[in-house]
Amino acid sequence: MSKETQQKLVANNKKAYHDYFIEEHYEAGVVLHGTEVKSLRRGKCSIKEAFVRIENNEVWVYGMHISPYEKGNIFNRDPLRPKKLLMHRAEIRKLTGKLAEKGLTLVPLQVYFKDGRAKIEVGLARGKKLYDKRADIAKKDQRREHEREFKIKNL
């Protein structure tokens with residue numbers, strides 16, 4: 001009796017894929033307060049400048065901006081407050097060990113609702129050098145050019 005899981009994308013971090021090589025993906029729940037959830041459901045979220053840290057065996061996301069809910073008045077929280085992420089203890093220990101390696105970091109990749117619960121996809125990432133970014137842009141341009149030629153040939 002397996003039912004389809006409903007996913008509604010709220011925010012995507014395209015900049016992370018440009019600046020980092022994503023090595024592993026992890027899903028985490030987000031601890032939110034009432035008006036933040038309402039604002040997220042309306043798609044008012046940005047994770048472009050966000051980053052993730054592990055402190056005291058707890059995972060926190062900093063810089064994730066959730067716009068205040070218009071009708072929330074006094075119940076609105078600070079839009080940039082650090083938000084706690086919910087992950088299994090074993091996953092946190094595993095991530096702590098991997099982050100001890102040089103050059104690895106945690107970045108938020110996307111925020112979405114899964115079965116009515118707010119989730120965030122976190123990626124274990126290694127920073128790209130400038131020449132890596134140039135190579136990616138060149139590959140993308142080349143692929144686009146091939147697609148354009150293919151489209152012209154098939155008309």
Measure the spacing between CG of L95 and CD1 of I54 and express it to the nearest 0.5 Å. 5.0 Å
Looking only at heavy atoms, the pair that brings E23 and L104 closest together is OE1-CD2, 3.6 Å
Check E24 with K98, please: is the shortest side-chain N to carboxylate O separation under 4.0 Å? yes
Rounded to the nearest 0.5 angstrom, the CG-OG1 distance for L99 and T105 is 6.5 Å
Give the intermediate values and the outcome of side chain to side chain contact (heavy atoms under 4.5 Å, CB included) for residues K114 and K8. CA-CA 7 Å; K114 182 176 178 183; K8 180 191 171 223; over 6 Å; no
Between K119 and G29, which heavy-atom pair has the shortest distance, and what is it? CD-CA, 4.2 Å
For a quick test of your reading: what N or O donor-acceptor pairs under 3.5 Å do the side chains of residues 37-47 make, sequence neighbours left out?
from	atom 1	to	atom 2	distance (Å)
S39	OG	S67	O	2.5
R41	NH2	G116	O	3.3
R42	NH1	E70	OE1	2.8

Looking at residues at least two apart in the chain, or sitting in another chain, which of them share a side-chain hydrogen bond (donor to acceptor under 3.5 Å, both in side chains) with E147? R143
Is there a side chain to side chain contact (heavy atoms under 4.5 Å, CB included) between K83 and I66 once you walk through the steps? CA-CA 10 Å; K83 290 147 190 78; I66 298 177; 3.5 Å; yes
Please enumerate all residues that pass side-chain contact (heavy atoms from CB on, under 4.5 Å) together with N56, with sequence neighbours excluded. none
Gap between atom CG of N13 and atom NZ of K48 - 0.5 Å precision: 8.0 Å
With a 4.0 Å cut-off on N to O distance, would you call E36 and R81 a salt bridge? yes
To the nearest 0.5 Å, atom NZ of K94 lies from atom CD of E91 at 7.5 Å
I'd like to check H18 versus I137 (side-chain heavy atoms, cut-off strictly below 4.5 Å). Are they in contact? yes
Do the side chains of M64 and I120 get nearer than 4.5 Å, heavy atoms only? yes
Hey, are R148 and E145 close enough for a salt bridge, meaning a charged N less than 4.0 Å from a carboxylate O? yes
Pairwise ring pair (Phe, Tyr, Trp, His ring centres under 6.0 Å) hits with a residue in residues 84-117, at least two apart: none
How does the hydrophobic cluster around W60 look, that is, which other residues are in it when side-chain heavy atoms under 4.5 Å mark a link? F51, Y62
Would you compute the distance between atom CZ of R117 and atom CG of L86 and round it to the nearest 0.5 angstrom? 10.5 Å
Quick one: closest heavy-atom pair of P108 and A16, and the distance? O-CB, 4.4 Å
Members sharing I22's hydrophobic cluster (side chains within less than 4.5 Å): Y17, Y20, V107, L109
Heavy-atom count around N57 CG within 6.0 Å, excluding the residue itself: above 12? no
Output the distance between atom CG (L9) and atom CD (Q110), rounded to the nearest 0.5 Å. 5.5 Å
